[in-house]
Amino acid sequence: MNTLSLSASKHSKSFLNLLKPQTSKTQSSIFLLSHHLSTDPDPETEPNPKPNQSPKDDDLLITQAVELLQPNEKDWNFDQLHHLLFSNSAAPSPRSLFHITRRLGASSKALKFFEYVSENVASAPDSTDSLSSSFQAILELAKREPTSQNKLYDLYKMAKERNIPLNISSAALLVRSLGMVGMVDEALIVFNDLDPGLKNTHLRNAAIDVMLKSGCIDDALKVLDEMFDPKAEGRVDQVTGDIVLSYLLKREWPGRSFSEEDIVGLVLKFGEHGVFPDSMKLTKLITALCRNRKTNKAWDVFHDVMKLGGDVKAASCNALLTCLTRGNDFKRMNELMVKMKEMDIHPDVVTFGIVINSLCKSRRVDEALELFEKISGGREQSDGVSTEPDVVIYNTLIDGLCKVGRQEEGLLLMEKMRLQNGCAPNTVTYNCLIDGFNKVGDIERGRELFHQMKEEGISPSVITLNTMVDCLCKHGRLNSAIDFLNEMQRDGVKGNAVTYTTLITSFCNVNNISMAMELFEQMLRDGGSADAIVYYSLISGLSQAGRMDDAISVVSKLKEACFSLDLISYNVLINGFCRKNKLDMVHEMVQEMEAAGVKPDSVTYNTLISYFCKAGELTTGHRILSKMINEGLVPTAVTFGALIHAYCLNGNTDKAMKIFREMGSKSKVPPNTVIYNILIDTLCKKNEVELAISLIDSMKDKGVRPNTATFNALFKGLKENNLLEKAFEFMDQMTEHACNPDYITMEILTEWLSAVGEIEKLRRFVQGYEVAASTA
DNA sequence: TTAGGGTTAG
């Protein structure tokens, strides 16, 4: 309701000055119309017959008159004509004049007749009506003739000069026809010239339509505002709503912009007048709100429309449900389902599809299956919610099962779907299952399913290809992945940006940069659909490999392809140049990213702080840290880690320890394993093993898990000081923490323990047995 | 309804 009153007042304020009539006083008096004229919205409606004259009498008169007017106008027999039309006590009715005029066929001839009538009708009591009707007929004839545009407007000017009032049909015809041929200014002149009393709903709708289509949005909104006035002559109707909302939901308004609030405000204002968006428009509005992450707005407008009495259908509910699934808002999803039941809106297969999908995506597969069982239970269900599940629902569930490692059940569900009519497994079904088996490492089953789908005549898609390629790459079978791609390309399934991203990343990871570059070139050559991600991946791979010149050349290609670098790519490049010690390029990148409006984040700052600190430029490091804080960014554990590491390298362990102590207390950033490792390593190297051991104890207190590197650092220190018993204790701790010894651990311990004749302990340690107790 | 990527301290 808040929304409602807000936007209502907003509009009435901006449109307040427009409630005054648009026409000047003289114009409105010239165009004053008799009140008994028809206000029928149909523009081509004939005028009413006079009450004392039957349509039958009229028809005879019309036929006779038309006969007399058959010859060329210069051969008209005016005596006979006068006798027929004006000798009677009553002049011909507006209706007869309309028909006579119109049956003359051509506007020029009709105009001649009109001239004749206007000279003779002057004294009749309803002469104005008669002339208006005759004039309406001329307009209708003119409209059908070629090059009518100017003719229509000339006729209008003539009528205006001669003080012949337009009736509503004529006005509507002029506004519509002129608007339609692009004579918008003229159409608006006609509309604005009209007496406010003549502007009924139909006419205003026609005007608003013309205004919106020609971009005169503010004019349209003015008219609309008048129509919202409860005292107005032409109030809004369903047609007004359709015209305005169709326009607003187009989502592109040349030269004007509307916020969702504006649109929602208007919808509600229409609602107060009993005019509602149809299901399609309401759905479109909710979808648009959802797209812009305005879930609450969508929720409100949906409920307000319902409260005001609008007819809400399942499609709109589905749009809102989709919106709610984004934020995993199960509470409101439930509320909505309850509301649907209350309002007797039957959920359709899409409704259930949305709910099942959102449950699956939150890994609540059992609940999804439960709902599935419930809806497929048949029509006997007490609450009437039953639908035939469709392929999409089956696929959603199969994917859900596969994503939580229940691919065997997924397979069973595929067999179940075969038993249901019209629910045969399709490419998506197989893609989900292949991915499911691949992700748990069962490549063979994945491959089997791939062959099975082909045997069943189900075509693999590019997603099938990518699933298989990803699996082969993850298992290090890069050449098989390439072979598979080539095989599929021969069968007509071309790789896309996703395929190449997977392959390029994998080849970079095994440091096969030339192959990664070759694949990239191949992708560009094939004219495939490269996207920004594939460029980012290669840039990252090249930077990681220290090939900054190549990275920059890919950046150029990315720009040529009209993509732009994002924050992470800039960070990757800055880091790459830092590692190559190319300070000028680091500067260039930072400047470029700021010029591009990409704001550096804490990773950017951490990278720079670390670079300067490592280079011994601690002052610069601190200056950048201050800038980071000034920019509103919060230093992270990585920031402190970089500083602590720098002071450790510098030999200033005290300063390092000071920062370490302050980060927990002052900065509320608890030290992590890496920071402990840096300090333990440094302290051990400085022979301060006791202090290092106390840090390990503090890790235990703070719940920071040590890792293999922690113990490696410590073992080095213990070895230097020959603290054998301590070493055995920590070997046991290592086992407790499930930290596997790596080659560094083995190197240190092998050398040390064999020298002191304790090699048996090492063997036991490697086998996972306790070693300290056995000594005691 | 199904597929891909990249960053900072040790």
Side-chain angles (χ1 to χ4, degrees), chain A residues 350 353-354 356-357 360-361 389-400 402-403 410 425-436 438-439 460-471 473-474 495-506 508-509 531-544 551 565-576 578-579 600-611 613-614 621 635-646 648-649 671-682 707-710 712-713:
Chain A
V350 178
I354 296 165
I356 287 175
N357 188 35
C360 285
K361 290 290 173 305
D390 62 358
V391 190
V392 174
I393 289 189
Y394 274 105
N395 288 347
T396 306
L397 284 163
I398 289 171
D399 186 55
C402 287
K403 289 269 168 8
N426 61 14
T427 307
V428 177
T429 322
Y430 273 101
N431 288 346
C432 297
L433 286 164
I434 292 172
D435 191 53
N438 281 344
K439 287 269 155 69
S461 65
V462 66
I463 297 183
T464 324
L465 163 64
N466 293 337
T467 304
M468 295 294 292
V469 164
D470 184 59
C471 170
C473 286
K474 293 263 154 62
N496 64 10
V498 178
T499 328
Y500 285 99
T501 303
T502 308
L503 288 166
I504 287 171
T505 308
S506 305
C508 285
N509 284 341
D531 61 10
I533 294 180
V534 64
Y535 285 89
Y536 297 159
S537 308
L538 185 56
I539 291 167
S540 167
L542 291 169
S543 300
Q544 207 74 40
L565 290 171
D566 66 352
L567 175 59
I568 297 185
S569 302
Y570 276 116
N571 287 345
V572 163
L573 287 161
I574 289 169
N575 182 48
C578 282
R579 289 200 315 207
D601 68 350
S602 56
V603 175
T604 324
Y605 280 101
N606 290 344
T607 307
L608 294 171
I609 291 168
S610 165
Y611 168 73
C613 286
K614 240 187 267 176
T636 66
V638 178
T639 322
F640 292 112
L643 290 169
I644 288 170
H645 189 218
C648 285
L649 288 175
N672 59 18
T673 309
V674 175
I675 289 174
Y676 274 103
N677 290 356
I678 295 169
L679 287 166
I680 290 166
D681 189 54
T682 307
N707 60 20
T708 305
T710 320
N712 289 348

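Please read these numbers as outputs of a predicted model, since none were measured by experiment.
On a pure distance criterion of 3.5 Å, no polar donor-acceptor pair joins the side chain of T505(A) and the base of dG5(B).
For I533(A), taking side-chain heavy atoms from C-beta onward, the closest of the listed nucleotides dT2(B), dT7(B), dG4(B) is dG4(B). In the set dG4(B), dG5(B), dT2(B), the nucleotide with an atom closest to the side chain of K439(A) is dG4(B). Of the candidate nucleotides dT7(B), dA9(B), dG5(B), dA9(B) has the atom lying nearest to any side-chain atom of N672(A). For K614(A), counting side-chain heavy atoms from C-beta on, the closest listed nucleotide (dA9(B), dG5(B), dG4(B)) is dA9(B). Of the candidates dA3(B), dT7(B), dA9(B), dA3(B) carries the atom nearest the V462(A) side chain, counting heavy atoms from C-beta on. Closest contact between the side chain of N496(A) and the listed nucleotides dT7(B), dA3(B), dG6(B) involves dA3(B). Comparing dA3(B), dA9(B), dT7(B) by their nearest atom to the side chain of N466(A) picks out dA3(B). Nearest nucleotide to the side chain of I463(A), out of dG10(B), dG5(B), dA3(B): dA3(B). Counting only heavy atoms from C-beta on, S610(A) has its side chain closest to dA9(B) among dA3(B), dA9(B), dG4(B). Ranking dG4(B), dA9(B), dT1(B) by closeness to the V428(A) side chain, first place goes to dT1(B).
Judged purely by atom type and a 3.5 angstrom limit, N496(A) uses its side chain to pair as donor or acceptor with the backbone of T499(A).
At the phosphate of dT1(B), neither OP1 nor OP2 sits under 4.0 Å from any side-chain N or O atom of K403(A). Taking only side-chain nitrogens and oxygens, N575(A) comes nearer than 4.0 Å to OP1 or OP2 of dT8(B).
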